Amino acid sequence: MTGTVGAVSTWQHLLVEDLDPVTRITLNRPDRRNAMSLQLMQELRKALEQATGRVVVIAGAGPAFSAGHDLAELSACEGDEAGELFATCTSLMTTVQSIAQPVIAEVHGVATAAGCQLVATCDLAIAATDARFAAPGVRIGLFCSTPMVPLTRSIGSKRAMHMLLTGDLIDAATAVEWGLVNDAVPREDLGATVTAWATRIAEASPMVLALGKRAFYEQAGMPQADAYEVAGKVMADNAATDDAQEGIIAFLEKRAPRWTGR
């Protein structure tokens with residue numbers, strides 16, 4: 001991190017704004033279409049871990065959300081450097097889903113390869129209607145094997161294979177239909193829409209949001225019986241918390257709840 005002006009922290013490749021209730025992280029390599037270099041990924045992972053907002057938004061500066069890995073950096077890799085780069089990418093994606101806060105991707109322009117992977121990994125995603133998405137590695141001899149992981153879980157095997165085998169761009173309307181993003185709105189409404197979603201989510205107990213997010217990813221992919229076993233225990237534990245009791249009482253009393261995080 002190189003400096004701070006008010007609530008905005010300037011890193012080498014990020015802008016981070018911590019304003020309650022949202023931490024906004026902007027990928028800031030616009031001249032490279034926010035290509036995800038090793039240093040950018042390391043910074044993004046650290047910024048996610050340090051985020052203080054109750055909801056985190058990831059956006060991109062300039063004309064694109066992210067065009068994926070920095071191919072110039074990748075072409076110069078020697079020895080185990082490529083392994084470090086992809087391991088860092090995997091660690092970053094794991095962090096997106098392991099931090100307590102819900103993470104929303106705010107997508108404009110293109111989100112391709114690792115950029116598309118990041119969108120698929122985020123808990124929620126909202127796109128501008130002119131946004132485009134692709135997993136185009138096959139076109140340059142580098143199959144998008146790591147983007148394949150969250151893509152398959154987001155949109156299903158046949159649609160993921162369509163993207164992976166052709167490398168073709170899909171538009172925002174298709175991304176909504178397929179479940180890659182939650183909604184698509186006019187570009188001029190994108191920031192306000194994401195802020196509205198984030199603010200609405202942040203009205204809930206941060207402890208309960210964290211508990212629910214953790215449980216969601218724990219049960220995802222489990223056989224149904226195992227998933228119910230996990231979810232049932234989580235719900236019983238949740239019901240015994242102070243925030244759950246406060247929420248129920250507040251609902252019955254027709255007032256806003258007062259969360260304590262317990």
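These numbers come from the heavy atoms of this one structure, side chains and all, not from hydrogens, waters or symmetry mates. Note that this is a predicted model, so its numbers are computed, not measured.
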- Task: Start with the C-alpha distance between E106 and R24, add both sets of side-chain angles, then the distance that settles salt bridge (charged side-chain N to carboxylate O under 4.0 Å, His left out), and finish with yes or no.
- Result: CA-CA 10 Å; E106 179 182 308; R24 183 177 179 84; 2.8 Å; yes
- Item | Residues Q12 and Q39: side-chain donor-acceptor under 3.5 angstrom | yes
- Message: Is it true that, when you exclude K46 itself, more than 12 heavy atoms of the residues, nucleotides or ligands shown sit nearer than 6.0 Å to its NZ?
- Response: no
- Let me see the working for D243 and T260 under side-chain hydrogen bond (donor to acceptor under 3.5 Å, both in side chains), right down to the final yes or no. CA-CA 6 Å; D243 275 3; T260 62; 3.3 Å; yes
- Query: Take atom CZ in R255; do more than 12 heavy atoms of anything else shown fall under 6.0 Å from it?
  - Reply: yes
- Say whether F216 and V234 are linked into one hydrophobic cluster, either directly or through other cluster members, by side-chain heavy-atom distances under 4.5 angstrom. no
- Query: Mind checking whether T195 and V22 have side chains closer than 4.5 Å, heavy atoms only?
  - Reply: no
- What residues form a ring pair (Phe, Tyr, Trp, His ring centres under 6.0 Å) with W178, not counting sequence neighbours? H162
- May I have the step-by-step check of salt bridge (charged side-chain N to carboxylate O under 4.0 Å, His left out) for R132 and D171, ending in yes or no? CA-CA 5 Å; R132 300 292 183 269; D171 60 20; 5.4 Å; no
- Using a cut-off of 6.0 Å, state whether more than 12 heavy atoms not belonging to R159 lie near its atom CZ. yes
- Query: Does the pair D70 and S37 meet the rule for a side-chain hydrogen bond (donor to acceptor under 3.5 Å, both in side chains), with working shown?
  - Reply: CA-CA 5 Å; D70 188 326; S37 65; 5.4 Å; no
- Message: Are R54 and Q101 packed together at the side-chain level, in the sense that at least one heavy-atom pair is separated by less than 4.5 angstrom?
- Response: no
- Item | Polar side chain donor-acceptor pair, T52 to D18, under 3.5 angstrom | yes
- Message: Could you see if V176 belongs to whatever hydrophobic cluster contains I170? Use Ile, Leu, Val, Met, Phe, Trp, Tyr and a side-chain cutoff under 4.5 Å.
- Response: yes
- Heavy-atom neighbours of Q245 CD exceed 12 at 6.0 Å: yes
- Query: Just wondering, are more than 12 heavy atoms of other shown residues or ligands nearer than 6.0 Å to CE in M235?
  - Reply: no
- Note on the structure: Closest non-hydrogen atoms of I155 and A160, given as atom of the first, atom of the second and distance, are CD1-N, 3.6 Å
- Task: Please list, chain by chain and in numerical order, all residues satisfying side chain to side chain contact (heavy atoms under 4.5 Å, CB included) with L209, sequence neighbours excluded.
- Result: P102, I201, A204
- Message: With heavy-atom distances below 4.5 Å as the criterion, would you say the side chains of T23 and I25 are in contact?
- Response: yes
- Hey, does H13 have a side-chain heavy atom less than 4.5 Å from the side chain of N28? no
- Check whether any side-chain heavy atom of V103 lies under 4.5 Å from a side-chain heavy atom of I58, and answer yes or no. yes
- G137 and C144 have their tightest heavy-atom pair at N-SG, 3.3 Å
- Message: Do T241 and R262 have side chains that approach each other closer than 4.5 Å (heavy atoms only, starting at C-beta)?
- Response: no
- Heavy-atom closest pair, residues C116 and F133: SG-CB, 4.2 Å
- Take atom CD in Q224; do more than 12 heavy atoms of anything else shown fall under 6.0 Å from it? no
- Message: Please tell me whether V96 and L151 are part of a single hydrophobic cluster in this structure, the criterion being side-chain heavy atoms less than 4.5 Å apart.
- Response: yes
- Item | A244 to N238 - nearest heavy-atom pair and separation | CB-O, 3.1 Å
- Message: Assess the residue pair S91 and R45 against the criterion (side-chain hydrogen bond (donor to acceptor under 3.5 Å, both in side chains)); give the C-alpha distance rounded to whole Å, side-chain angles, the decisive distance to 0.1 Å, and a yes or no.
- Response: CA-CA 8 Å; S91 176; R45 181 179 59 193; 3.0 Å; yes
- Measure across N34 and A61 and return the closest heavy-atom pair with its distance rounded to 0.1 Å. ND2-O, 2.8 Å
- Message: Can you confirm whether Y217 is buried at OH, in the sense that more than 12 heavy atoms of other residues, nucleotides or ligands lie under 6.0 Å from that atom?
- Response: yes
- Query: What are the two closest non-hydrogen atoms of A172 and A184, and how far apart are they?
  - Reply: CB-CB, 3.9 Å
- Non-hydrogen side-chain atoms of E73 and L85 separated by less than 4.5 Å: yes
- Task: Would you check if L118 and M93 make a side-chain contact, meaning some heavy-atom pair closer than 4.5 Å?
- Result: yes
- Message: Are V107 and L15 linked, directly or through intermediate hydrophobic residues, by side-chain heavy-atom contacts shorter than 4.5 Å (ILVMFWY only)?
- Response: no
- Query: Can you tell me if CG on D31 sees more than 12 non-hydrogen neighbours from other groups inside 6.0 Å?
  - Reply: yes
